[in-house]
Amino acid sequence: MAENKITQKEINNIVWKACDSLRPVMGSGMYKDYVLTLLFVKYLSDVWKDKVEQYRQKYPNNEEMVKRQLQRERFILPAESSFDYIYEQRNEANIGEIIDIGLTALEDANRAKLAMVFRSISFNSETVFGQTKQRNAILKNLLVDFSALDLQPSHLEGNDIIGDSYEYLISLFAGEAGKKAGEFYTPGEVSTVLAKLMDPQPGNRICDPTCGSGSLLIKVAQEVNGKNYSLYGQENNGSTWALCRMNMFLHEQDSATIEWGDTINNPKLLEKDQLMKFNIVVANPPFSLDKWGADTAIADQFNRFHRGVPPKSKGDYAFISHMIETTYEDVGKVGVIVPHGVLFRSSSEGQIRKKLIDENLLEAVIGLPANLFFGTGIPAAILIFNRGKDKNKDVLFIDASREFESGKNQNRLRNADIQHIVTTYKSFKAANPLTTEKGAVIEDKYSYRATIADIIENDYNLNIPRYVDTFEEEAEVDIKATQANIVDLKKQLTVVEQQMENYLKELNLL
C-alpha cells in the first residue's frame, strides 16, 4: 500500500474537525446535514477528477472523446458544482449562494439519482449561519477544512472507505444528538444482527419503511452474495431522507428507491395502486409513536389494520401491521425492533398480538441488552415474523440481554454476542418442530423453544422471562465462616478505634 493513501481514520478526523466551525452556531441534529453534504460533494468532485485523468491518459489530445466517456459515468458533475470551483470562490461575499447554486446544478444534472436531495438545506441561510460576515467566515473555514481531503478513489486505502466513513460519521453525529438520533440511525451492531437473522438471498426485494439514514437497509444488502437484489425505503423526515439518498449513492446502491413521506398515513411504495410486496421487510420504527394516525386507520384503503387498530398513543403495532401486509404471502419475512411493551400490553395490542400468533406468523422473540440505542436506555426486542412457517408453530425465545460490552454512554454488542444470537436462531430453524405440547429449553438461561400451547397458557403474553428462566439461585451461606469473619472484623474495629483515640490525644482533642 502506498504511503500517500488516505485512511478512513484520516477522513473521519478531518471531517470531525470541520464540525468545530459549526458547533457554536447550531446543534448536531442540524450541522450533520451540512457537513455530510459537503463531504458528499467533495467525494463526487474527486471521483470526477480521477475519471478525467484516466480518460485523458487513454485519449490524449482528444477532449471530445473524454467528454463522451464522462457522459457515461454514474453521475454528471457540472463545473459550478465542483468542490474545486466552490473552493476557489471561498472569499466571495456571496459564497453561500455559490454553494447553493452548485448543489442545484448537481441535482438537475442527475435527476434520477439526486432530485430534491439538497432542497431541505441552504448554505446561504441567515437563520442557520447568521448574518453575512459570520456566515462567510464559517463557510470559508469549512471549505478550507474540506480542501485537506483527497478522496480520489486511486488515492484511497480501500474501495468501501468513503461509504464506511460516511456511516461512521453518521454514528458520531447520532452520539451527539441524543434522543433525536433514534430518528435517523440504528446502531451498527443491532443492524448487523437483524441483517444476519433475515438471511437475504439473491433476487430478493428488501424494504425498510422507516429507513432513516439507510444504515439498516445497507447492512441487509451487504448480506447478499452479489448485487442481485433491489432496495426500497421510505422516510418521513426530509433532511434524513436526503441523507439516506446520499448514503445509498456512496455505497453504490444507486438503484435504491427511497421515498419521502409518512409510511403509515401516506405509503409511497406502491404498485398498481396497491402496496408493493417484498421478500424481506426490516425496520427500527419510532418506539410507541403518539398520534400516528389511529383516527383514519379504520378506513385504511389498503386494509392494513384488519387485525385491529392500535391505540392512538402507541403506534408500534401500526408499523408491524404495515410491514406484514407488505410482504409476499408464503415467503415474506419481517424483522422489527420494538420496545418490550409490545410483548405484553393488553387491550387492542393484545388482540392484534393474539391474531398474529394464531395465524402462525410469529417466529422469534429476541430480547436485547439495555442502553444499546441512542437517546433511550430502555431494552428493546427483535420480533421476527415469517409468512412461510407452514405447519411449524413453535416460537423461539432468546434472552440476550446479559451479553454485551459495557460502555460509558452506550452499551454495544460484541461479535461473539451477535454470533450467539444468529447461531441459536439458525439452529432453531434447522430443527424439527416439537411434537409435545410443552416447549423445550434450548440453552439454559438463554433460549427456549415454545409451543403454541405454551403461549396460550401464558394468555399470549410474550414477555421473555415467562419462557426463558434466568433466575439465579443465591449461593449458600457458610454460617461458620461468616461468624468467624464477624469476629475478625470486630477485632480490627477495636484496633482502629484505639488508634483513633491515640491520634486525638496527640492533637489535644481529648
Worksheet item: Do L383 and V365 touch side chain to side chain, with heavy atoms closer than 4.5 Å?
Response: yes
Discussion item. Testing the 3.5 Å rule here: is there a donor-acceptor pair between the side chains of Y229 and Q253?
Written reply: yes
Response to the item:
Rounding to 0.5 Å, atoms NZ (K196) and CD (E223) come to a distance of 4.0 Å
Discussion item. Is the ring pair F129/Y34 parallel, tilted or perpendicular, if the boundaries are 30 and 60 degrees?
Written reply: perpendicular
Worksheet item: Which heavy atom of F75 sits nearest a heavy atom of L44, and at what distance?
Response: CZ-O, 3.4 Å
Response to the item:
salt bridge (Lys or Arg N to Asp or Glu O under 4.0 Å) test vs E189 passes for just one of R412, K219, R414, namely R412
Item to complete: State, without any angle test, whether N386 and E363 hold a side-chain donor-acceptor pair at a distance under 3.5 Å.
Response: yes
Worksheet item: Would a 4.5 Å heavy-atom cut-off, applied to side chains only, mark I324 and V281 as touching?
Response: no
Worksheet entry | More than 12 heavy atoms from other groups under 6.0 Å of NZ on K9 | no
Worksheet item: How far does CZ of F83 sit from CG of L77, to the nearest 0.5 angstrom?
Response: 12.5 Å
Practice prompt. Please indicate whether N91 has more than 12 foreign heavy atoms, meaning atoms of other residues, nucleotides or ligands, lying under 6.0 Å from its CG.
Written response: yes
Worksheet entry | Reported NZ-to-CG distance for the pair K426 and D199, which is rounded to 0.5 angstrom | 5.5 Å
Fill in: Any M248 side-chain heavy atom under 4.5 Å of L217 side chain
yes
Item to complete: Indicate whether the side chain of N279 and that of K333 have a donor and an acceptor atom separated by less than 3.5 Å.
Response: no
Item to complete: Answer yes or no: is there a side-chain heavy-atom contact under 4.5 Å between N236 and T210?
Response: no
Discussion item. When you compare the side chains of S213 and N247, does any donor N or O come within less than 3.5 Å of an acceptor on the partner?
Written reply: no
Practice prompt. Give a yes or no on this: more than 12 heavy atoms of other residues, nucleotides or ligands lie within 6.0 Å of atom CG of N225.
Written response: no
Discussion item. Are L39 and I162 packed together at the side-chain level, in the sense that at least one heavy-atom pair is separated by less than 4.5 angstrom?
Written reply: yes
Worksheet item: Can R119 and D108 be counted as an ion pair, charged N to O under 4.0 angstrom?
Response: yes
Fill in: Under 3.5 Å side-chain donor-acceptor pair for Y31 and R23
yes
Worksheet item: Is it the case that more than 12 heavy atoms not belonging to K58 sit under 6.0 Å from its NZ atom?
Response: no
Worksheet item: Of I95, I98, V128, T37, which meets side chain to side chain contact (heavy atoms under 4.5 Å, CB included) against F123?
Response: T37
Discussion item. Here's one to test your reading of the geometry: is the NZ or CZ of R90 within 45 degrees of the ring axis of Y87 and under 6.0 Å from its centre?
Written reply: yes
Discussion item. When you compare the side chain of S165 with that of Q8, does any pair of heavy atoms fall below 4.5 Å?
Written reply: yes
Practice prompt. May I ask you to decide if the ring planes of W241 and W260 are parallel, tilted or perpendicular, using 30° and 60° as cut-offs?
Written response: parallel
Worksheet entry | From CG (L216) to CD1 (I337), nearest 0.5 Å | 6.5 Å
Worksheet entry | Partner of E325 by salt bridge (Lys or Arg N to Asp or Glu O under 4.0 Å), out of R307, K277, R304 | R307
Discussion item. Whether the D84 and S82 side chains hold a donor-acceptor pair (N or O, under 3.5 Å, no angle test) is what I'd like checked.
Written reply: no
Worksheet item: Under 3.5 Å, is there a donor-acceptor pair between the S313 and D290 side chains?
Response: no
Discussion item. Here's one to test your reading of the geometry: is the NZ or CZ of R68 within 45 degrees of the ring axis of Y59 and under 6.0 Å from its centre?
Written reply: no
Worksheet entry | Worked verdict on Y43 versus Y166 for ring pair (Phe, Tyr, Trp, His ring centres under 6.0 Å) | CA-CA 11 Å; Y43 177 68; Y166 213 71; 9.2 Å; no
